[in-house]
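Worksheet for the structure shown next.
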Amino acid sequence: MTLQIVWFKRDLRLTDHPALSLAAARGPVLGLAVFEPSLWAQPDASGRHAAFYRDCLRELMASARAINLPILALTAEMPDALEQLRVRLGDFCLNSHQETGNWASFMRDRAVGAWCRAQGVRWIETPQDGVVRVLTSRDDWSRIHDSRMSGALLDPPAVTPLPESVRRVVSPLMSVQIDQAIEPWQALGQTDCCPGRQPGGRSQGLALLDSFFKGRGASYRFHMSSPGTAEQSCSRLSPHLAWGSLSVREVLHAVWRTRSRWQTEHGHPAQRSMLASLKSFESRLHWRCHFMQKLESEPEIELRCLHPATRGLRNEGAFTVEEAARFDAWREGRTGFPFVDACMRYLAHTGWINFRMRAMLTSFASQHLWLHWKRTGEHLARLYTDYEPGIHWPQVQMQSGTTGINTIRIYNPEKQRQDQDPDGAFVSRWVPDYGGVAYPAPIVDHLAAARAARDRLWSLRGDQASKAAAQQIFQKHGSRNPAREGAPRSRRRASQSTQQGFDF
Ligand SMILES: Cc1cc2nc3c(=O)[nH]c(=O)nc-3n(C[C@H](O)[C@H](O)[C@H](O)COP(=O)(O)OP(=O)(O)OC[C@H]3O[C@@H](n4cnc5c(N)ncnc54)[C@H](O)[C@@H]3O)c2cc1C
């Protein structure tokens, strides 16, 4: 039987791992995790990602030992790692999940594909979520997504032991410790491990799932918008989904099980709020795949504005001195807008912030400071422990007004402060210098800046070429159910109208 190599990417689990289950049915399996220096040197990579990944990998390797699955951790560029293995082990079949990653991982996958073709190695890539490779029509997407999600969950498979000849070659390589392998990342300057971040590892993800469904989730719908309450009431599962210590399908199945339990809890005081929260939460899991599908269908979303009319609107080259000063103030949390600064400092410290505040931070940088979203998006990507390119870049573009199919939203930083931090507790905690002489004055007149941004974006609508381009973008990427695009209720009517034209 041919040796099966399972390449663990951002899918660091054994449960509900279709690529592993299929490989185990075909022959003896060797797991492989590769630390690729060129990927970790990208401007969207950070030490906190590496640290979370390391936590997950460490736990994965321990659980894999329990099912006799050896996992080899190597530091190399992926085609070089494969070549080393081919020379030492001879023939094998490569198995992995289809990955919707950043541009660098997309190019890496192309290089791996070319290597496999040149060496006659079979590479089987299996879907693991609702994202569809080579989707021919967006109209079919929901149906395919739903049928995949309703499939049965996969237990960790029984694994055929490696033949002695393979074990002899692999054993000396297995002695490399994860921490040794991680050193090259630190040499790349990825030293920001973010001590305040969520710890990684599947057991941590399962504990969050449990506490969310047993109680925290009841207030989810009401508490998700304020950063002070969201920390407790949101699921906090995002880094586990991003690095794959949990599969989106197993989380969705947990929602369905929890719902049927709560449906029988007649008269329980939390029944209504829990059922409503489960509905909102389920929608977000759906959005997850919906957004990732956009990057899967068009990887260039990470690199350039989706709507052609918005290209060149903001400076796409190196920052001017003035722009660099605005960027530094934003990223260091000293814009003079205490709520924006509190959110940025909180995010830098914890590696996480809730959806609304992510949208506000992006909107503030793109609209009020008129900075190009690529640089600011990279900075946020580094700060989010849960960085998921397929959610991140389409969201960054959506909040920057460059998609052409979403209603433009400019968050007023002072209104957000009043709405989401009415007693000022969040600002006091994260910006203790606010009110002191050293705290900066606001770096922009936020009302004038928002008006100018809105006028510039509005000036793009109307002409026929823009409308036609928006129509094409909608055909390729638009949600066929606008309630699922992530737009607030009041804006859904507007986002429905995107089918007719450029909807700024
Ligand atoms: C500019 C911007 C950038 C973002 N970048 C990322 C990112 O890199 N990684 C990431 O996981 N999320 C990103 N989000 C979406 C969202 O803010 C986070 O998923 C959420 O805050 C994570 O916390 P949670 O797991 O407690 O979420 P919950 O509210 O508990 O949601 C559960 C899961 O649903 C998915 N989800 C939730 N909201 C959205 C959404 N609006 N769009 C798509 N999927 C969603 C996530 O996988 C999340 O873990 C971004 C949002 C914005 C506005």
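Nothing fancy with the numbering, it's 1 onward along the sequence. Since this is a predicted model, take the numbers as computed values, not measurements.
- Nearest approach of M274 to G217, heavy atoms of both residues: SD-C, 3.8 Å.
- With a 6.0 Å cutoff to the six-membered ring centre and a 45° limit on the axis angle, R356 does not count as a cation-pi contact of Y411.
- Legend: residues meeting salt bridge (Lys or Arg N to Asp or Glu O under 4.0 Å) with R197, ordered by chain and number and at least two apart, are D55.
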| task | Begin from the C-alpha positions of R480 and S142 and carry the test side chain to side chain contact (heavy atoms under 4.5 Å, CB included) through to its verdict. | result | CA-CA 9 Å; R480 300 316 192 239; S142 257; over 6 Å; no
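- S297 and Q293 share a donor-acceptor pair across their side chains, judged by distance under 3.5 Å alone.
- Every residue two or more places apart in sequence or in another chain was checked for a salt bridge (Lys or Arg N to Asp or Glu O under 4.0 Å) with D129, and none qualifies.
- Screening residues 255-278 for side-chain hydrogen bond (donor to acceptor under 3.5 Å, both in side chains) gives W256-E282, R259-E282 as the qualifying pairs, with residues at least two apart or on separate chains.
- Contact check for H253 versus S150: no side-chain heavy atoms found under the 4.5 Å cut-off.
- Geometrically, R375 engages F327 in a cation-pi contact, judged by NZ or CZ lying under 6.0 Å from the ring centre and within 45° of the ring axis.
- Side chains of D192 and S46: a donor-acceptor N/O pair is absent below 3.5 angstrom, by distance only.
- Taking each heavy atom of E231 and R236 in turn, the nearest pair found is O-NH1, 3.1 Å.
- Ion pairing of E332 with R345 is absent here, as no side-chain N (NZ or NE/NH1/NH2) approaches a carboxylate O to less than 4.0 Å.
- Each of R10, R288, R358 was evaluated against D386; a single residue qualifies, R358, per the salt bridge (Lys or Arg N to Asp or Glu O under 4.0 Å) test.
- A distance of 9.5 Å separates CZ of R143 from OG of S137, quoted to the nearest 0.5 Å.
- Taking the six-membered ring where the residue is Trp, the centroids of H290 and H145 are separated by 6.0 Å or more.
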Assess the residue pair S247 and E250 against the criterion (side chain to side chain contact (heavy atoms under 4.5 Å, CB included)); give the C-alpha distance rounded to whole Å, side-chain angles, the decisive distance to 0.1 Å, and a yes or no. CA-CA 5 Å; S247 79; E250 70 179 315; 3.4 Å; yes
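- Within the 4.5 Å cutoff, the side chain of L153 has no heavy atoms near those of the T15 side chain.
- The closest side-chain heavy-atom distance from V132 to R148 is below 4.5 Å.
- When side chains are defined from C-beta on, I410 counts as touching H368, because their heavy atoms get closer than 4.5 Å.
- The nearest pair of heavy atoms linking D341 to V431 is C-CG2, 4.0 Å.
- Remark: the T402 side chain and the Q397 side chain contain an N/O donor-acceptor pair separated by less than 3.5 Å.
- Taking the side chain as every heavy atom from C-beta outward, D328 and R334 approach each other to under 4.5 Å.
- The aromatic rings of W243 and H49 lie tilted to each other, with the angle between the two planes from 30° to 60°.
- Taking all atoms of both residues into account, the shortest heavy-atom contact from P18 to R249 is CG-NH2, 4.4 Å.
- Taking a cutoff of 4.0 Å between a charged side-chain nitrogen and a carboxylate oxygen, K214 and D210 qualify as a salt bridge.
- Aromatic ring centres of F52 and H240 lie closer together than 6.0 Å.
- In this model, a donor atom of one side chain and an acceptor atom of the other lie less than 3.5 Å apart for E59 and S203.
- In this model, a donor atom of one side chain and an acceptor atom of the other lie less than 3.5 Å apart for T100 and E296.
- Every residue meeting the ring pair (Phe, Tyr, Trp, His ring centres under 6.0 Å) condition with H379, not counting sequence neighbours, appears here in chain and number order: W330.
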| Should K9 and H97 be marked as a side chain to side chain contact (heavy atoms under 4.5 Å, CB included) after you check the CA-CA gap, both sets of side-chain angles, and the distance that decides it? | CA-CA 8 Å; K9 299 168 116 186; H97 284 139; 5.7 Å; no
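- Counting heavy atoms from C-beta outward, E388 and L241 have side chains that stay 4.5 Å or more apart.
- With salt bridges taken as basic N to acidic carboxylate O contacts below 4.0 Å, none links D16 and R13.
- Side chains of R409 and Q367 form no contact here, defined as non-hydrogen atoms less than 4.5 Å apart.
- Under the side chain to side chain contact (heavy atoms under 4.5 Å, CB included) criterion, N412 pairs with E414, K415, H446, L447, not counting sequence neighbours.
- Contact check for Q232 versus H223: no side-chain heavy atoms found under the 4.5 Å cut-off.
- Nearest heavy atom pair, residue G351 against residue R48, reads CA-NH1, 3.3 Å.
- Annotation: cation-pi geometry not satisfied between K294 and W393 (NZ/CZ under 6.0 angstrom from ring centroid, within 45° of ring axis).
- Every ring pair (Phe, Tyr, Trp, His ring centres under 6.0 Å) that Y434 has, sequence neighbours left out, goes to Y439.
- Ring-centre distance between F8 and H17: below the 6.0 Å cut-off.
- Between G201 and S245, the closest heavy-atom pair is C-CB, 4.3 Å.
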Practice item. Mind running side chain to side chain contact (heavy atoms under 4.5 Å, CB included) on L22 and N95 for me, showing each step along the way? Key: CA-CA 9 Å; L22 288 170; N95 300 267; 5.6 Å; no
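- The existence of a salt bridge linking E99 and R133 is excluded, since no basic side-chain nitrogen approaches an acidic carboxylate oxygen closer than 4.0 Å.
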